[in-house]
Peer 1: 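There's a structure below that I have some questions on.
What you see is a predicted model, and the numbers here were worked out from it, not measured in a lab. Letters A, B, ... mirror the listed sequences (proteins, then strands); counts begin at 1.
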Protein chains: 2
Amino acid sequence: MKDPLIHDLYIGFIRIHILYHASRDRVYGLALMTELARHGYQVGPGTLYPMLHALEEKGLLESEKKVVNGKRRRYYRITAYGAKALETARAHTAELISEINEE
Amino acid sequence: MKDPLIHDLYIGFIRIHILYHASRDRVYGLALMTELARHGYQVGPGTLYPMLHALEEKGLLESEKKVVNGKRRRYYRITAYGAKALETARAHTAELISEINEE
DNA sequence: TTTATAATATCGTTTAGCGATATTGGAAGG
DNA sequence: CCTTCCAATATCGCTAAACGATATTATAAA
């Protein structure tokens, strides 16, 4: 994360990003890392992979191994429960932005 | 938090809420707890107070003790640095919502 | 001077974050 | 083949955060 002092504001954002991407298409760790970096969230493998494991453990994502271009990947997709969580997150995020934008 | 399974999506939201409220007016712990609960974020004192201490420690908030109605309170206000962090958070939140709302 | 109460603080355990390092499995070249 | 290389994932070990439970504080009222 660029500014370490405000890092812990955004950990949840990262999870929501992941859920969102996994809801649109299957995703895998390394590609997520670069995608998240594009959005300014620089998470390392020591953060991302355990996070993916936990999201799967909790039933928000599910995964399967695939071999692509001779490289093995673990693809994640969102589950029904994960989609519900994403919907809820959308609502919370909308509520947050509308509140903090009030004058 | 109502749904424990998705709890860790929202810890950052809570901090942003706190920063926002502290930017509008001085705030104190117990009132924040009930205000956050109004938004569906049920944080206990064992979470909130250490969080406030950390936010102050990191320079996002500053505090002073006051006696009000014969009760001692620690009022928090946002600092300049905290306001900057809040602005950044606003931008990140807006970016997040606009991304996850894409079809 | 006790009692009650709002408010804050802290303790102890569980869980998460994360840099660093290790591991995996297939491809390509000799 | 078998070694080397590399994308990709996994894990280790430590530090820090989350949080329920409990303790502490200061004042007003009784």
Side-chain angles (χ1 to χ4, degrees), chain A residues 1-18 21-22 26-37 40-77, chain B residues 1-18 21-22 26-37 40-77:
Chain A
M1 208 78 29
K2 271 161 195 167
D3 189 340
L5 286 180
I6 57 175
H7 134 267
D8 33 355
L9 298 179
Y10 301 121
I11 280 289
F13 283 32
I14 290 171
R15 285 197 176 83
I16 295 173
H17 256 103
I18 292 173
H21 287 298
R26 60 186 192 177
V27 293
Y28 68 100
L30 200 56
L32 271 176
M33 281 186 51
T34 62
E35 169 63 16
L36 288 168
Y41 303 113
Q42 290 166 236
V43 300
T47 300
L48 185 64
Y49 288 108
M51 189 179 280
L52 289 172
H53 299 163
L55 287 171
E56 181 165 27
E57 178 98 6
K58 291 177 181 171
L60 304 179
L61 296 179
E62 62 190 0
S63 75
E64 68 180 321
K65 285 186 193 161
K66 274 268 167 74
V67 173
V68 178
N69 293 342
K71 295 286 145 43
R72 74 199 199 299
R73 294 180 183 164
R74 181 172 288 278
Y75 277 113
Y76 289 88
R77 288 173 312 197
Chain B
M1 207 77 30
K2 271 162 194 168
D3 187 341
L5 286 180
I6 57 174
H7 132 270
D8 33 357
L9 298 179
Y10 301 121
I11 281 288
F13 284 31
I14 291 171
R15 286 197 175 83
I16 295 174
H17 256 103
I18 292 173
H21 287 298
R26 59 184 194 180
V27 294
Y28 67 99
L30 202 55
L32 270 177
M33 279 186 50
T34 63
E35 169 64 16
L36 288 169
Y41 304 111
Q42 289 165 236
V43 300
T47 300
L48 185 64
Y49 288 109
M51 189 180 281
L52 289 171
H53 299 164
L55 287 171
E56 181 165 28
E57 178 97 4
K58 292 177 181 173
L60 304 178
L61 296 178
E62 62 190 0
S63 75
E64 69 180 321
K65 285 187 193 160
K66 273 269 166 75
V67 173
V68 179
N69 293 341
K71 295 285 145 38
R72 75 199 198 301
R73 294 178 182 168
R74 180 172 288 277
Y75 278 112
Y76 290 88
R77 288 173 309 199

Peer 1: Between atom NZ in K71(B) and atom C1' in dT8(C), what is the gap in whole Å?
Peer 2: 13 Å
Peer 1: Specify the separation, in whole Å, of atom CD of E57(B) and atom P of dT10(C).
Peer 2: 12 Å
Peer 1: Can you tell me if Y49(A) touches the phosphate of dA10(D), counting only side-chain N or O atoms and a distance under 4.0 Å to OP1 or OP2?
Peer 2: no
Peer 1: What's the CD1-P distance between I18(B) and dT8(C), to the nearest Å?
Peer 2: 12 Å
Peer 1: Produce the list of close N/O pairs, under 3.5 Å, pairing protein atoms with atoms of nucleotides 11-16 of chain C; give distances to one decimal.
Peer 2:
from    : atom 1 : to     : atom 2 : distance (Å)
dA16(C) : OP1    : K58(A) : NZ     : 3.3

Peer 1: Does K65(A) or V67(B) map to a spot on DNA chain D nearer the 5' end, using the closest nucleotide for each?
Peer 2: K65(A)
Peer 1: Could you tell me the separation between the CG atom of L9(B) and the P atom of dA18(D), rounded to a whole number of Å?
Peer 2: 14 Å
Peer 1: For a side chain to side chain donor-acceptor pair (under 3.5 Å) with Y28(A), tell me which candidate from R74(A), R72(A), R73(A) qualifies.
Peer 2: R73(A)
Peer 1: Check the orientation of Y49(B) and H53(B). Use parallel for under 30°, tilted for 30 to 60°, and perpendicular for over 60°.
Peer 2: tilted
Peer 1: Taking the side chain as every heavy atom from C-beta outward, state whether K71(A) and L30(A) have any atom pair closer than 4.5 Å.
Peer 2: no
Peer 1: Report yes if at least one side-chain N or O of R73(B) is closer than 4.0 Å to OP1 or OP2 of dA7(C); otherwise report no.
Peer 2: yes
Peer 1: Taking the nucleotide of DNA chain C with the nearest heavy atom to each, does H53(B) or R72(A) sit closer to the 5' end?
Peer 2: H53(B)
Peer 1: OP1 or OP2 of dA8(D) sitting under 4.0 Å from any side-chain N/O of Y28(A)?
Peer 2: yes
Peer 1: Please report the distance, rounded to the nearest Å, between CG in L55(B) and P in dA17(D).
Peer 2: 10 Å
Peer 1: To the nearest angstrom, how far is L48(A) atom CG from dT9(D) atom P?
Peer 2: 9 Å
Peer 1: Given I18(B), which of L52(B), L60(B), V43(B) fulfils the side-chain contact (heavy atoms from CB on, under 4.5 Å) condition?
Peer 2: L52(B)
Peer 1: Are there over 12 heavy-atom neighbours, none belonging to E57(B), within less than 6.0 Å of that residue's CD?
Peer 2: no
Peer 1: For side-chain contact (heavy atoms from CB on, under 4.5 Å), just list the numbers for I16(A) and F13(B), CA-CA rounded to whole Å, side-chain angles, deciding distance to a tenth of an Å, and then say yes or no.
Peer 2: CA-CA 12 Å; I16(A) 295 173; F13(B) 284 31; 3.9 Å; yes
Peer 1: So do L32(A) and Y76(A) actually touch side chain to side chain, heavy atoms under 4.5 Å?
Peer 2: no
Peer 1: What is the distance from CD of Q42(A) to P of dC18(C), rounded to the nearest Å?
Peer 2: 12 Å
Peer 1: Nearest-Å distance, CG (L32(A)) to C1' (dA7(D))?
Peer 2: 15 Å
Peer 1: Between CE of M51(A) and CG of L61(A), what distance do you get to the nearest 0.5 Å?
Peer 2: 11.0 Å
Peer 1: Taking five pairs at each end of the helix from dT1(C)-dA30(D) to dG30(C)-dC1(D), what angle separates the two helix axes (nearest 10°)?
Peer 2: 0°
Peer 1: Please determine if a side-chain N or O atom of T47(B) lies less than 4.0 Å away from the OP1 or OP2 oxygen of dA18(D).
Peer 2: no
Peer 1: Is there side-chain contact between L36(A) and L48(A), with heavy atoms separated by less than 4.5 Å?
Peer 2: yes
